[in-house]
Structures are given as structure tokens and as C-alpha cells.
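So that the names make sense, note that chain A is the first sequence line, chain B the second, and so on, each numbered from 1.
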2 protein chains.
Amino acid sequence: MDYRTGQRIVAETARRTESRYGNRPTMKDVAARAGVGLKTVSRVVNGEPGVTPDTERRVQEAIDALGFRRNDSARVLRKGRTASIGLVLEDLADPFYGPLSRAVEEVARAHGALLINGSSAEDPDREQELVLALCARRVDGLVIIPAGDDHRYLEPEIKAGVATVFVDRPAGQIDADVVLSDSFGGARDGVAHLIAHGHRRIGFIGDMPRIHTSAERLRGYRAAMEDAGIPVEDAWMSLGVTDPQRVRKAAEDMLSGPSPVTAIFAGNNRVTVTAVRVIAEGSRPVALVGFDDIELADLLQPGVTVVAQDAAQLGRTAAERLFRQLDGSLVLPERIELPTRLITRGSGELPPSD
Amino acid sequence: MDYRTGQRIVAETARRTESRYGNRPTMKDVAARAGVGLKTVSRVVNGEPGVTPDTERRVQEAIDALGFRRNDSARVLRKGRTASIGLVLEDLADPFYGPLSRAVEEVARAHGALLINGSSAEDPDREQELVLALCARRVDGLVIIPAGDDHRYLEPEIKAGVATVFVDRPAGQIDADVVLSDSFGGARDGVAHLIAHGHRRIGFIGDMPRIHTSAERLRGYRAAMEDAGIPVEDAWMSLGVTDPQRVRKAAEDMLSGPSPVTAIFAGNNRVTVTAVRVIAEGSRPVALVGFDDIELADLLQPGVTVVAQDAAQLGRTAAERLFRQLDGSLVLPERIELPTRLITRGSGELPPSD
DNA sequence: TAGAGCCTGGACAACGTTGTCAGATGCGGG
DNA sequence: CCCGCATCTGACAACGTTGTCCAGGCTCTA
């Protein structure tokens, strides 16, 4: 008995010492100070009815005096919903994802939710790790730009009620909502545009074909070439390169081989930027169409013709669908494909140089 | 009694119905299935020692079978730390903030923390709302790019132990860690660069002076002009405009007034982009130096000379400081100023055109 | 073989909030 | 003057986890 009492005093002292820094007032503290019950504080904090103005004022004063802030962790534990959603993308530093993320955030905000986001760095393991960490935090929903191609690990989560929407690329091995740009159609149109301007030897530089958008764009390229009856040479295609040096090498190779290309179709914004550089350094004009719009593209000489997708619209559409899942107004997974838009600015309209 | 029993049955039924969708297994469920105690499950989940391999296997099987995922809200409630930090910035869609955010995320990840971020849209009220929402979720720390100039509302939070670092602009009315770029020095150097190339009538287009960086850059502009003994005319300065149309108007005005400028110093990346456009449309060459680097700046004709700041480094520095606060290895708030770098690419070296 | 000491497992309280329900208070009418 | 009713307030359990502490079974030694 003495021993236990001693223990308690030690614990109490430790707690009090620590409380100067790191312990926050709780509703109980507020209640004690205001001389009311715990639940009354809860009512005031949440704006529930049934509190006299006088009582409310006393409680409010105590709240202000103590600097009380409701602990949402406890609230979540009780209520079950966190009012937060997770966004997993590839790299927030990529200018394509900034507007997308912002759009998701705005929709979340309109629904009173916060956004937690993480970058997968195009690594499937890291994607899974992130997604599961978000699930452990009990986000209400997930917007995922997948890096991996197997999302069966999400099945228990989805079954448990986590709303899920995939963006930019479809989910692997599971049936889920997907919002995509029309990569195939966009690429086909872009390449057809080059063909229409007289090109026949057209290069394609894209990311790894295991990435759905890359594969689709490659398919679009092939389709356009085939439609025009042009056989594609292997030397015209570079797949899986994305870092500037290797893109540079790939572009230089296609421009200098035995049957050099007269035009390049760039599979994404980063490739486009590097391609612009390589072409600008070369002496002869090379036509270029890029997938994804890039800033200042209109100010270059010539302006860069692009197949633009609306990143913000992609994010908005996905987030709205997510919240409709949460409302319960959605039942069956769907695949939504947003159109792309060819923006001609000059580089895609250059005639072949030979 | 009957009534209460009735109630209970209704509740039970509702719960069971719902449980197919929306209720997740808990450690208790896992324990029951594995035939062990609650705490044993906790030990397995957290990799704590003191569990026989055989027991561990049984527990693990139950976890997999039920699709159990630890509820971090409950964990947080118990442990006090959330392993998450908040980042409040102006607009994630702005290319300046993408790399910054990503850098913060990487540091957080290295410390096992998740990043919750929000955009203030340069609105002080929204900033406060966001910050307090983050505090309610008990983030361990906050990285804030302030929109407002009074942060006294944060005092109770900081006192309660929320680590806080301000980035890009200093905190208002409170003493806190700040990580900044040297806006004053950078702007002064940039303007001096123009002066060194023979310019005397130099325009300045910047954001609202209530934003610290804008004020500092304006001060740098004035200092450089004063150092060179050049009196500044009001018509050369445009403050508080940031949307493209108004920047355009401002630039056109300075270029066509009674004493037109021969060079423009652009106060931030968005202004720079618009200035490039206006200048490109005009007939006579106008020199330009911009604050913040922009993508493709080197490919324009002429290349855009800029005063570059390292957004990623800003974020990294701030986040590292944040975690050092959390380690307890930091005591006094400090102000860290990172240098800027003048990158000459052509536009800033053009001679005056008259 | 008994006792000491270690290892494993489990019962229980606590974290801070909210939902439920019952008690207290005040008011008007019979 | 008392009762019924409406309004306001508070006690208590529960959410799912972790820390503390104790019990029981084991091994090892004297």
C-alpha cells in the first residue's frame, strides 16, 4: 500500500513536471476550470444545442484561458471517420502533379477533409508502404496514382470501407474506380499530326512500358504509324528512359542513325523538355510533339506543340468520385477517360528536313 | 428492461449489418481468433519481444485472415505522438512549392513521419484555419509558409509542444524558427547586375509589400538603385499585382511611359513568366532579371537571367530543424538565411535599347 | 527435490472524446 | 402547493490501442 502510494506520487510528479511542456489541456481540465461537467464542454466545443448562454460563456473563457484545442485523434476513435483523405502520387516536385494535388485538396476542403499526401517515387514497394500507412491512420479515402501493377493488398481495406480511386493509371488485379487521360488517343493524334505534316521517320521516346500511360502512348504511336502504312524501325523507339542524360543519348541516337528521324514524339513532360534541348542544340530543324503541356512552351522558338491533358481536371474528377463513394451514392467501379487536346504551336508543324 | 433489451438487439443488428462494410477487425478480434490475449497481439503487431515463435505464427495467421490493420488513431491517443507533420504553403500548384514540399516529405519520411499539407491560397484566415486543424490532429510539428503577419494564435500550440518552423517568410509577432532566402541581397545583386550593364531606368514588378519577400526584394531594388545614385521614379514600380493580366498592364505601362524603362526586375516566378511574354511581344529588346528560376529559362531567346533560390534546400533545412526541435536538441529560435545565386543567361546582359 | 529466477501470456487501466441516459432545475397550471 | 413538463447538465461507458503489473510454467542450481 505504501509502496503503491509512493509509485503514484512519483508518477504524478513526473506528469506535472512534463505538463509544463508537452501536455495539453483536455476537456476535463476545461470542465474543472469552468465548474461544469465534461459533456457540457463537449457540447460547447461542437456547437451542440442545449447550453445556456451564461454557461457557454464560462466554458468559452476557460477554453481561451487554457488554450484548449480538441484532440481529433480521440474524436476519430469515437466517431470512426477522420475527415481526411490520402493522395499517393509519384513525385510532388513534378509540375504535372502540383495542380493535380491542389485540385484534390480543393475538393477535399469543400467536403471538410484534409489531405495527406505522399510520393511513391515510382517504387511499388514504397507505394504499398505509403498506402498502408494511410490506411492505418484510417483516412476515409484514397486517391492513388499507382506505381505498382498489383493492388490486391488493398482488398481488405476496400472491403473495410476505404473509398478508393485510381488516377492516371488503372489499378492492377482489382476492380476499382479509375480516372485516366486518353493516352492512346492523344498519342495517336499527336503522331498523326506529324504524319500529316509529311513526316514518315518519327521517333518515340517514352518511359517504361510497365507504366500504363507509357504503354498506351506507345500503342497510340504504333497505331498512327500503322494507319499511315509506315513500318516502324526499332531504332526509332526508346523505352524506359526518363532521366535527362539517357533521354539525351536516345534522342541523339535517333537523330544520327542510318535512317535518322525527322520528328520526335515525346512521351511525357520530362522527355519533352530534354528533347527541346537536344533539338535546339542541333543544326537541322526537327519536328516535335510532346505529351503533357509544359510552361513557357509557347515562348520557345518554335513554340512546342503538345498533346495536353488537364491535370487539375483529373484530380478534381477523381476526388469528386471519391466523395461520392463516401456518400454512398456510388456503387459500381467505373473507368472514366478524359480527352486530351492537341495544342499546335509550331514545333509539330515543321516539315521534314530532308 | 424489455425495452432496453429491445434497443440492444436493434443496435447489435445494425452493427452486424454495417460490419460487413465499414467495421474493421480489432486486436480483440485477432486475439479471439488466435486464441491468445489482447496484449500478445499488440506485441506481435509492434514486433515487441516476449512471444514464442509458435504463438507469433498463430497471431500472424489471424491477422492475415481477418485483414487486420492497426488503428493508428487509437495508438496516437495512447502514445501522444502522431508521427506526422503539417506543411502549410501558399499553393501546391505553384512550381516553386512542389520541390519544397517534396523535400519536406523526404526528411519526414526519414524520420518515419507522414506529411499532411494544405494550401492557404495566400489568405491569412485560411492559413489559421488550416494550422489549427492540423493542431487538432496533433501533428508533431508544423512547417509554415505564412500568409498572415500575426501568428500569436500559435502561442498555446507552441507552448504545448508543437514544433514549428517558418519558411520563406518570417513569423509575425512571435519568436520562432525561420528559414529564408536572402531576398534583399538577391534582388540587390540582380538589379546591380542590370545597372552594371548600363541600365538606369529599371522597372520593378512585385507582389504586395505586406508579403515579407516582396518587401525585401523591393528594398533590395531600392538599395541597388541608391548605391548607384539613381533616383527611382514611382512609375517604375508596380506593387501588389500578381495575376497575369495586371502584370501585363503594369509592364506595358512602364515600357511606354514618358520615361520608359529599359530593363525590368521581376519579383517572383509568375511575374517573370508574364514579363517574358510582354517583352517577347514588343519590338524593342528589354533586359530582364527575374527572382526565382523557371523551367526552360535557358531555352528562351534570350535565356532568362534569374536570381535563383533553392526551394528544395529551403524545405530540407526547415524540416531538419523541425525534427531537431522534436529531438529536443534545439532550444532557441533562430533565423537562417540561405544565399541566392545569380544565373546569367542573356536577358539580363542586354544593353539598354536607347 | 525444493527454491530462485526467467520467460511468456494476459487482465486491467488509461489515453480524450462522444453518445446515452438519467438527474436536476425552473416554470406554469391545476 | 404540488405536479408535470421542458430545458439544461453531468455520470458513465465505449472507441482501440499500449503500459504496467502479476500469474503461471519453465529451467537451473544447491
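When the C1' atom of D/dT9 is taken as reference, atom CD of A/Glu56 falls 14 Å away, rounded to whole Å. Rounding to whole angstrom units, CG of residue B/Asn71 and C1' of C/dG16 are separated by 14 Å. The nearest whole Å value for the distance from the CG atom in B/Leu38 to the C1' atom in D/dT17 is 8 Å. A straight line from CZ of A/Arg137 to C1' of D/dG16 spans 16 Å, rounded to a whole angstrom. The interatomic distance linking B/Arg78 (CZ) with C/dC15 (P) rounds to 8 Å, in whole Å. One can place CG of A/Asp72 at 10 Å from C1' of C/dT17, the figure rounded to the nearest angstrom. The nearest whole Å value for the distance from the CD atom in A/Glu48 to the P atom in C/dT20 is 11 Å. Per the geometry, CG belonging to A/Leu77 stands 9 Å off C1' belonging to C/dC15, to the nearest Å.
For the pair B/Arg24 and A/Glu157, the minimum side-chain heavy-atom distance is below 4.5 Å. Side-chain contact between B/Leu134 and B/Ile116 is present, with heavy atoms from C-beta onward closer than 4.5 Å.
The shortest distance between the side-chain N/O atoms of A/Thr40 and the OP1/OP2 oxygens of D/dG10 is below 4.0 Å. For D/dC8, the OP1/OP2 oxygens have no side-chain nitrogen or oxygen of A/Thr52 closer than 4.0 Å. Between C/dC21 and A/Lys39, no contact under 4.0 Å exists linking OP1 or OP2 to a side-chain N or O. In this structure, A/Ser42 does not reach the C/dT17 phosphate: none of its side-chain N or O atoms is under 4.0 Å from OP1 or OP2. Here B/Asn46 reaches the OP1 or OP2 of D/dT18: one of its side-chain N or O atoms lies under 4.0 Å away.
Heavy atoms of B/Val36 sit under 4.0 angstrom from primed sugar atoms or phosphate atoms, though from no base atom. Here A/Thr55 lies in heavy-atom contact (under 4.0 Å) with sugar-phosphate atoms only. Within 4.0 Å (heavy atoms only), A/Val51 reaches sugar-phosphate atoms of the nucleic acid but no base atom.
Using the six-membered ring where Trp is involved, A/Phe166 and A/His151 have ring planes that are perpendicular, over 60° apart on the 30 and 60° scheme.
In this structure, a donor-acceptor pair under 3.5 Å is absent between the side chains of A/Ser119 and A/Asp91.
The pair B/Arg57-B/Asp54 meets the salt-bridge criterion, since a charged nitrogen lies less than 4.0 angstrom from a carboxylate oxygen. Residues B/Arg109 and A/Glu129 are paired through a salt bridge, judged by an N-O separation under 4.0 Å between the basic side chain and the carboxylate. Looking at A/Glu106 and A/Arg102, a side-chain N of the basic residue comes within less than 4.0 Å of a carboxylate O on the acidic one, giving a salt bridge. Looking at B/Arg33 and B/Asp29, no side-chain N of the basic residue comes within less than 4.0 Å of a carboxylate O on the acidic one, giving no salt bridge.
With hydrogens and angles ignored, a donor-acceptor pair closer than 3.5 Å exists between the side chain of A/Arg43 and the base of D/dG10. On a pure distance criterion of 3.5 Å, no polar donor-acceptor pair joins the side chain of B/Arg75 and the base of D/dG16.
Heavy-atom distances to DNA chain C give each of B/Gly35 and B/Arg138 a nearest nucleotide, and the one nearer the 5′ end belongs to B/Gly35. Between A/Gly50 and B/Lys79, it is A/Gly50 whose nearest contact on DNA chain D lies nearer the 5' terminus.
Direction of the helix axis in the helix from C/dT1-D/dA30 to C/dG30-D/dC1 shifts by 60° between the two five-pair termini, rounded to 10°.
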